Undergrad: 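Structure provided below as structure tokens; questions to follow.
Everything numeric in this text was worked out from a predicted model, so none of it was measured.
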Protein chains: 2
Amino acid sequence: MAPRKTNPEFMTGVPELLILRLLSDREMYGYELVQAIEAATGEAIKVGEGVVYPILHALEEQGCLTSKRKPVNGRTRVYYTATAAGKKRLGALVSEWQRITDAVSGLVKGAKHARA
Amino acid sequence: MAPRKTNPEFMTGVPELLILRLLSDREMYGYELVQAIEAATGEAIKVGEGVVYPILHALEEQGCLTSKRKPVNGRTRVYYTATAAGKKRLGALVSEWQRITDAVSGLVKGAKHARA
DNA sequence: GTATATACCTTGAACTGCAAGGTATGGAGA
DNA sequence: TCTCCATACCTTGCAGTTCAAGGTATATAC
């Protein structure tokens, strides 16, 4: 039925939130994040590299992340960590996430509405 | 900071979900839905008419809604109701919603990840 | 008679995630 | 050796969604 399907339901902003959350705990590199998100959500959420790398670059440019290049086994890894600004942004995103999900869940479970 | 801001965080698919939810209980018209969503979510979520009308037309075309025109005080209202297909689609969206929100909330509250 | 609320609708811009493809190294297997 | 796969970085084009703004029209209030 659905002719194609990009921008899947309910995913806008979620990758950015998850990336900031993970990088607040410890430094990670892009390829690692792709697998960490899949693992940490129990396969529920999967994002490709085409999603992760642009977000990393944008967040770094905004000062939310810092990067550090490390050569490992001949390959180069770029490790990212959340800055203070990044953690502040994470807090704002979490608040917004709570606000939206509370509102939607309340209505879905059927409660207060229909009060003519 | 944020240069503009369309497609705000975490809103993709939410209007469609809320509309199907409300129209599963009782028939409503577009303008009414705009206000009902605002009221039912305690002002947390507001959608404009430019969001609601296109969704109503698309859902009707897909057979998820049926419409009925009623003249009221000289104005014409178009009432929509969810069909069986619409309720089925609502069920699918709710499942997806649970899947995503459970995964994100689990990670945000900090639990299983970081298990090196 | 002018403004506001109701009620429908469309258009253009902006943003986002996704698939697909492109480069390059190291190790495993035939 | 030669090929394939996993690692690791990156970019581009498409598609889909929300939003602000504007456009039409009627009834009511001032």
Undergrad: Please report, rounded to the nearest Å, how far the P atom of D:dG23 is from the OH atom of B:Tyr53.
TA: 18 Å

Undergrad: Taking only N and O in the side chain of B:His57, is any of them less than 4.0 Å away from OP1 or OP2 of C:dT10?
TA: yes

Undergrad: B:Glu49 CD to D:dT18 P: how many Å, rounded?
TA: 15 Å

Undergrad: Given C:dT10, C:dA7, D:dC19, identify the nucleotide with an atom nearest to the side chain of B:Arg75.
TA: C:dA7

Undergrad: From OH of A:Tyr31 over to C1' of D:dC9, roughly how many Å is that when rounded to an integer?
TA: 11 Å

Undergrad: To the nearest Å, give me how far apart CG (B:Leu18) and P (D:dT18) are.
TA: 10 Å

Undergrad: Within this structure, what is the CD-to-P distance between B:Glu9 and C:dA14, rounded to whole angstrom?
TA: 18 Å

Undergrad: Rounded to whole Å, please give me the gap between CD in B:Gln62 and P in D:dG16.
TA: 12 Å

Undergrad: Check every strand shown and say whether B:Val78 touches a base, only sugar-phosphate, or nothing at a heavy-atom separation below 4.0 Å.
TA: sugar-phosphate

Undergrad: Looking across every strand, which nucleic acid part, if any, lies under 4.0 Å from A:Glu32 by heavy atom: base, sugar-phosphate, or nothing?
TA: nothing

Undergrad: Output the single nucleotide from D:dC10, D:dC19, C:dC8 whose closest atom is nearest the side chain of A:Tyr80.
TA: D:dC10

Undergrad: Is the shortest side-chain N/O distance from B:Tyr29 to OP1 or OP2 of C:dA7 below 4.0 Å?
TA: yes

Undergrad: Distance-only, no hydrogens or angles: does the B:Arg21 side chain make a donor-acceptor pair with backbone N or O of A:Val108 under 3.5 Å?
TA: yes

Undergrad: At 4.0 Å (heavy atoms only), tell me whether A:Gly48 reaches a base, stays on the sugar-phosphate, or touches nothing.
TA: nothing

Undergrad: Would the distance check show the side chain of A:Ser24 and the main-chain N or O of A:Ala82 forming a donor-acceptor pair, the cut-off being under 3.5 Å?
TA: no

Undergrad: Taking salt bridge (Lys or Arg N to Asp or Glu O under 4.0 Å) as the criterion, tell me which of A:Arg77, A:Arg69, A:Lys68 meets it with A:Glu27.
TA: A:Lys68

Undergrad: Side chain of B:Val47 only, heavy atoms from C-beta on: which candidate in D:dA8, D:dC19, C:dT10 is closest?
TA: D:dC19

Undergrad: Who passes salt bridge (charged side-chain N to carboxylate O under 4.0 Å, His left out) against A:Glu60, sequence neighbours left out?
TA: none

Undergrad: Rounding to a whole Å, what distance do you find between B:Arg69:CZ and C:dC8:C1'?
TA: 8 Å

Undergrad: Take the protein atom CD1 of A:Ile55 and the nucleotide atom C1' of C:dG17, then report the distance between them rounded to whole Å.
TA: 8 Å

Undergrad: Counting the atoms with a prime plus P, OP1 and OP2 as sugar-phosphate, which does A:Arg77 contact under 4.0 Å by heavy atoms, base, sugar-phosphate, or nothing?
TA: sugar-phosphate

Undergrad: Can you measure from CD (A:Glu43) to CZ (B:Arg99) and round to the nearest 0.5 angstrom?
TA: 10.5 Å

